[in-house]
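Scroll down for the structure; my scribbles are underneath it.
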Amino acid sequence: MAEKQRILIVDDDENIAELISLYLMRECYETKIVGDGESALADFDEFKPNLVLLDLMLPGIDGYQVCREIRQKSTIPVIVLTSRNNDFDELMSLNTGADDYISKPYNAQVLLARIQKLLERTYDVQDNVTITYKGLTLNVLKAEISYKGQSKALTKNEMGI
């Protein structure tokens, strides 16, 4: 089976971070949670994430600075996921290098769709998220199954099965 996409979750609210992590693991992502900016920067090189979910309000180094420092060494997608929901914060986030900005509370399915689209555009992941068995191919990212040249989109429930 293909290697899972890794997502670094940077949020000091343990409950929110755990909920996001559980949801993403259920969707076949590998996650790591850190609760402050210093840990995010330290674990970034070790964990080698494919995407970062970043809160702005962190103890120590804030999310803006974390984003700036990530941008100095990487072009991986960064989604700011924060309770700060004003135009200034959104503009600052995008100007420091974030690829997307989502205000809390958020819809988990919308968050997942944005993650999937960013990963799809950033990496050639279509081939990396397929499972083939006896000619039947499941594309996990596209929620699509194909057999003998015919393909069909799957519903969320069918994907769960």
Side-chain angles (χ1 to χ4, degrees), residues 1-129 139-144 155-157 159-160:
M1 191 170 163
E3 184 178 323
K4 291 181 179 182
Q5 296 284 308
R6 292 174 306 281
I7 298 178
L8 181 63
I9 301 167
V10 185
D11 198 321
D12 61 334
D13 186 325
E14 291 178 28
N15 293 329
I16 290 174
E18 273 298 319
L19 285 173
I20 294 169
S21 179
L22 289 171
Y23 184 72
L24 292 174
M25 287 189 304
R26 193 178 80 209
E27 297 294 328
C28 298
Y29 292 100
E30 181 180 342
T31 64
K32 180 167 190 172
I33 299 171
V34 293
D36 60 78
E38 291 87 358
S39 299
L41 294 172
D43 289 354
F44 181 82
D45 293 323
E46 177 189 323
F47 185 58
K48 297 183 183 2
N50 299 100
L51 183 138
V52 176
L53 290 177
L54 178 64
D55 189 11
L56 293 178
M57 297 182 291
L58 300 168
I61 300 174
D62 69 14
Y64 298 121
Q65 187 61 35
V66 171
C67 191
R68 279 188 207 98
E69 292 191 32
I70 287 173
R71 276 294 161 255
Q72 288 177 357
K73 54 184 164 184
S74 177
T75 59
I76 72 156
V78 175
I79 298 176
V80 169
L81 186 61
T82 183
S83 58
R84 295 172 74 163
N85 60 354
N86 61 59
D87 292 341
F88 177 77
D89 288 316
E90 184 171 0
L91 185 60
M92 281 289 297
S93 297
L94 296 171
N95 284 335
T96 58
D99 297 282
D100 203 349
Y101 184 95
I102 301 173
S103 297
K104 296 175 188 172
Y106 59 91
N107 179 304
Q109 291 174 330
V110 171
L111 174 62
L112 179 62
R114 288 183 181 200
I115 289 170
Q116 289 172 336
K117 291 301 172 189
L118 268 173
L119 289 173
E120 190 175 314
R121 277 197 307 267
T122 306
Y123 306 99
D124 185 21
V125 295
Q126 283 77 16
D127 294 333
N128 294 336
V129 291
N139 185 315
V140 178
L141 185 63
K142 291 183 174 181
E144 185 176 270
T155 65
K156 182 180 177 185
N157 288 341
M159 275 299 293

(message) Would you compute the distance between atom CG of Asp13 and atom CE of Met57 and round it to the nearest 0.5 angstrom?
(response) 9.5 Å
(message) Working to the nearest 0.5 angstrom, can you tell me the gap between Gln5 CD and Glu27 CD?
(response) 13.5 Å
(request) Could you pull out the closest heavy-atom pair between Ser103 and Asn85, with the gap in Å? (result) OG-CB, 3.2 Å
(message) Walk me through whether Tyr23 and Gln109 qualify under side chain to side chain contact (heavy atoms under 4.5 Å, CB included).
(response) CA-CA 10 Å; Tyr23 184 72; Gln109 291 174 330; 3.7 Å; yes
(message) With side chain to side chain contact (heavy atoms under 4.5 Å, CB included) as the test, pick out the partner of Leu53 among Leu24, Thr31, Ile33, Asp11.
(response) Leu24
(request) Would you indicate whether the side-chain heavy atoms of Leu54 and Thr82 approach each other to under 4.5 Å? (result) no
(message) Counting only heavy atoms not in Asp87 (residues, nucleotides, ligands), do more than 12 fall under 6.0 Å from its CG?
(response) no
(message) Regarding Lys117 and Asp100, does a basic nitrogen lie under 4.0 Å from an acidic carboxylate oxygen?
(response) no
(message) Strictly distance-based, threshold 3.5 Å: is any side-chain N or O of Asp99 a donor or acceptor partner for the main-chain N or O of Val78?
(response) yes
(request) To the nearest 0.5 angstrom, please state how far the OG atom of Ser21 sits from the CG atom of Leu8. (result) 10.5 Å
(request) Test side chain to side chain contact (heavy atoms under 4.5 Å, CB included) on Gln65 and Leu41 and set out the steps. (result) CA-CA 10 Å; Gln65 187 61 35; Leu41 294 172; 5.8 Å; no
(message) Contact between Lys48 and Arg6 at the side-chain level, heavy atoms closer than 4.5 Å - yes or no?
(response) yes
(message) I'd like to check Leu94 versus Glu90 (side-chain heavy atoms, cut-off strictly below 4.5 Å). Are they in contact?
(response) yes
(message) Nearest 0.5 angstrom please: Thr96 OG1 to Arg68 CZ, how far?
(response) 5.5 Å
(message) Contact between Arg121 and Leu118 at the side-chain level, heavy atoms closer than 4.5 Å - yes or no?
(response) yes
(request) Hey, could you give me the NZ/CZ distance between Lys73 and Phe44, rounded to the nearest 0.5 Å? (result) 6.0 Å
(message) Apply side chain to side chain contact (heavy atoms under 4.5 Å, CB included) to residues Ile20 and Leu81 and explain how you reach the verdict.
(response) CA-CA 11 Å; Ile20 294 169; Leu81 186 61; 3.4 Å; yes
(request) Locate the shortest heavy-atom distance separating Asn50 from Pro77; write the atom from each residue and the value. (result) O-CD, 3.2 Å
(message) Ignoring hydrogens, what is the shortest heavy-atom contact between Gly37 and Val66? Give both atom names and the distance.
(response) CA-CG2, 3.6 Å
(message) Quick check: closest heavy atoms across Cys67 and Ala98, and the distance to 0.1 Å?
(response) SG-N, 3.5 Å
(message) Any non-hydrogen side-chain atom of Val110 less than 4.5 Å from a side-chain atom of Ile102?
(response) no
(message) Please check this pair: side chain of Arg71 against backbone of Gly97, looking for a donor-acceptor N/O pair closer than 3.5 Å.
(response) yes
(message) If you define the side chain from C-beta out and look only at heavy atoms, does anything of Tyr29 sit under 4.5 Å from Ile115?
(response) yes
(message) What's the separation between atom CE in Met92 and atom OH in Tyr101, rounded to the nearest 0.5 Å?
(response) 11.0 Å
(message) Quick check: closest heavy atoms across Asp12 and Gly35, and the distance to 0.1 Å?
(response) CB-O, 3.3 Å
